[in-house]
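Everything on this sheet refers to the single structure shown next.
In what follows, every chain begins at residue 1, and chains take the letters A, B, ... in the order their sequences are listed. Just so it is clear, the model here is predicted, and its values are computed rather than measured.
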Amino acid sequence: MRYSRFFLPTLKEVPAEAEIISHKLLLRAGMIRKLASGLYSYLPLGLRSLRKIEGIIREEMNRAGAQEVLLPLVQPAELWQESGRWDRYGKELLRLKDRHQRAYGLGPTHEEVITDLIRGEVRSYRDFPINLYQIQTKFRDEIRPRFGLMRGREFIMKDAYSFDVDDEALEETYQAMYQAYCRIFERCGLNFRPVEADTGSIGGHASHEFMVLADTGEDQIACCTSCDYAANVELAPVIHPSDHPDVRPSKPMTKVNTPGRRSVKEVTEFLGISDTCLVKTLILLADGRPVVALLKGNHELNDVKLRRFLGAEDLELADSDTVRRITGAPVGFAGPVGLSGGLKIIADQDLFDLKDFVTGANEVDAHYTGVNWGRDVPRPEFADIRVITEKDPCPRCKGKIELKRGIEVGHIFKLGTKYSEAMGATFLDANGRKRPIVMGCYGIGVGRTLAAAIEQNHDENGIIFPAPIAPFEVIISLVNVTDTVMVEAAEDIYNGLMAQGVETLLDDRKERPGVKFKDADLIGIPLRITVGKRLKETNEVEIRDRATGKTILVQRDRAVKRASEML
RNA sequence: CGGGGCGUAGCGCAGCCUGGUAGCGCAUCUGCUUUGGGAGCAGAGGGCCGGAGGUUCAAAUCCUCUCGCCCCGACCA
């Protein structure tokens, strides 16, 4: 490709809308442009990279025994009503009506469609396993799209769905996909980690996320430094020490005046106590019903754990009116003492051994000190409902836990029979008995993978593409387009590389060398061949490695060979 | 949806408080010079100051409403 004819609008300045590095560089490198919030156009350079990633995904999916299909984006509401998700999926599902007033959803995911397809075609246990995937534009009406390709509303996703006869067979498929995912992200040049994960609204009973490690990641993961345990913090269990300290009360319960002190920090500083002696009281709504969660002042509520414990679909912090109605006090002074008996109260397990603690008094500007279970407050239900910290031991080996941030580029689930049962997708087993198909599903965010790769591979000059996903493998910087000797040499090398199947961009623009070098660095092509003054002096050209900056000089005739070897 | 911020030339911004000729840098176009890390000089073009309403002799500037975008929270690839 000749740069002079290639649609590649690079930006010298950073667009104000971009916050994180991948978003800035995707815009500056002329790979994407925004149409509206969460909606992006892929320009030729960006699309080339996306196609590379898709190519890797296709190879690995096919190798793992999956077959490519392409399913409709527009999906009839009836299918979603069958699975029950028409009501439960929420506003991320964009709903629309056709001219006959029939309701549809714009596919955010395709469990319903694929299950419908399979139930119509498959009858016998002999037909399994089946594993189908597609690479397609999804639409999710995200509450808050952000960070460019990281969280768009319209985005390209690879989604695969597997169908097996039983859990054992699913386990085998699941492992094959797990391995395929590892290979895909390795081949994309990513530093990633598979972690145990929550199943969220997709449902099912086991799941792993593939996290690209990056400070800008939206997820937090807990990794053990000793064993290979790694999990999304949403899931990571906290091990409660099993020793039994003295929990007999040593202080009387006393009401103290705490004018205007609402937050943990304000109250503990005012009373001169540690935040580990304070019990904070959160009022939440679980599927609309109020519940109370109690935690140590230094701990954070893990809403996924609490939601699971309660078996609730939906969990949110209560609004201030609800808090006032339940506690009789404004936000900041809630406590378990004297709350009405009917209210569900769950305390974090770490509070089990706590004595003589401090809590809100359910009245303005007042807290209790010396509060004790049994004597002052009925013992509530205890459960692990907090977020793991780096002070907690590894739940598997008791080793040290490190918290890291990650970008979720892939997510695999064992769905089990959730969809097949709801939608009547069954087969006849060897004994002629009707059984529900056992399913799995497996997603990769293609655009997000590209963004994640840039988050991990860049410097102050721009992107440093891992070669397998680079939009071009080589860029030839022709320093002076008016010098016929240089032009001829550059053309020769260009034709030579193209003949070898090396994807090459020939920078034949009438620009000064500095501009060409800056653009070459910005768009991150792994190898740059500079055809310039050395050609005139010693008949040499330079080959420069974008990642290391290392430059070698080679004779003009050997440039094609050397460059091919270096890729 | 709640909280915060921003809409002025293709991009980055100033001007707004204190109303009175719409400005700067980059980019674009023309000419000359330059040609190994985002050139120099000279000239040119480009704006319903997000939109609607209001106040005023006069609005980018003040007021009201609205739309869009970005950031923080709940969602997820």
Handout entry: Atom-pair distance (CZ on A:Arg509; P on B:rG37), nearest Å
Key = 15 Å
Practice task
Determine which nucleotide pairs with B:rG2, using a 3.5 Å limit on both distances of a Watson-Crick or G-U wobble pair.
Solution key: B:rC72
Practice task
Indicate syn or anti for B:rU30, taking the glycosidic torsion and treating anything within 90° of 0 as syn.
Solution key: anti
Completion exercise
On RNA chain B, more 5' by nearest nucleotide between A:Arg151 and A:Phe517 is A:Phe517
Problem - Protein-nucleotide distance (A:Leu522, atom CG; B:rC26, atom C1'), rounded to Å - result: 15 Å
Exercise for the section: Give the rounded distance in Å between these two atoms: CG of A:Leu25 and P of B:rC11. Expected result: 19 Å
Practice task
Give a yes/no on whether any side-chain N or O of A:Ser477 is located under 4.0 angstrom from OP1 or OP2 of B:rG36.
Solution key: no
Handout entry: A:Gln67 atom CD, neighbour heavy-atom count above 12 within 6.0 Å
Key = no
Handout entry: Between B:rG2 (C1') and A:Lys91 (NZ): distance, integer Å
Key = 13 Å
Exercise for the section: Just name whichever nucleotide pairs with B:rA22, Watson-Crick or G-U, keeping both distances under 3.5 Å, else none. Expected result: none
Handout entry: NZ or CZ of A:Arg140 within 45° of A:Phe155 ring axis and under 6.0 Å
Key = no
Exercise for the section: Respond yes when some side-chain nitrogen or oxygen of A:Arg144 is under 4.0 Å from OP1 or OP2 of B:rC71, and no when none is. Expected result: yes
Handout entry: Under 5.5 Å and under 30°: A:Phe155 stacked on B:rA77
Key = yes
Exercise for the section: Sticking with atom C1', work out how far B:rU35 lies from B:rG40, rounded to a whole angstrom. Expected result: 12 Å
Problem - B:rG73 OP1/OP2 closer than 4.0 Å to side-chain N/O of A:Arg146 - result: yes
Problem - Toward the 5' end of RNA chain B, by each residue's nearest nucleotide, A:Glu17 or A:Ile156 - result: A:Glu17
Practice task
For this output row, return yes or no: ring centroids of A:Tyr178 and A:His208 closer than 6.0 angstrom.
Solution key: yes
Problem - Residues, nucleotides or ligands: over 12 heavy atoms within 6.0 Å of A:Arg289 CZ - result: no
Exercise for the section: Just name whichever nucleotide pairs with B:rA14, Watson-Crick or G-U, keeping both distances under 3.5 Å, else none. Expected result: none
Completion exercise
Partner of B:rC48 under the Watson-Crick or G-U wobble criteria, both distances under 3.5 Å, comes out as none
Fill in the blank from the handout: Any strand, both distances under 3.5 Å, Watson-Crick or G-U wobble: B:rC32 pairs with B:rG40
Exercise for the section: Could you give the distance separating B:rC17 and B:rU61 at their C1' atoms, to the nearest angstrom? Expected result: 9 Å
Problem - Ion pair A:Glu17/A:Lys34, N-O distance below 4.0 Å - result: yes
Exercise for the section: Kindly say whether, by distance alone, the side chain of A:Glu13 makes a donor-acceptor pair under 3.5 Å with the base of B:rG25? Expected result: yes
Exercise for the section: State whether A:Lys12 places a side-chain N or O below 4.0 Å from either non-bridging phosphate oxygen (OP1 or OP2) of B:rG12. Expected result: no
Practice task
Dump the intermediate steps for ring pair (Phe, Tyr, Trp, His ring centres under 6.0 Å) on A:Tyr3 and A:Phe472, then the final yes or no.
Solution key: CA-CA 11 Å; A:Tyr3 201 139; A:Phe472 291 94; 8.8 Å; no
Practice task
Report yes if a side-chain nitrogen or oxygen of A:Arg512 is closer than 4.0 Å to either non-bridging phosphate oxygen (OP1 or OP2) of B:rA39; otherwise report no.
Solution key: yes
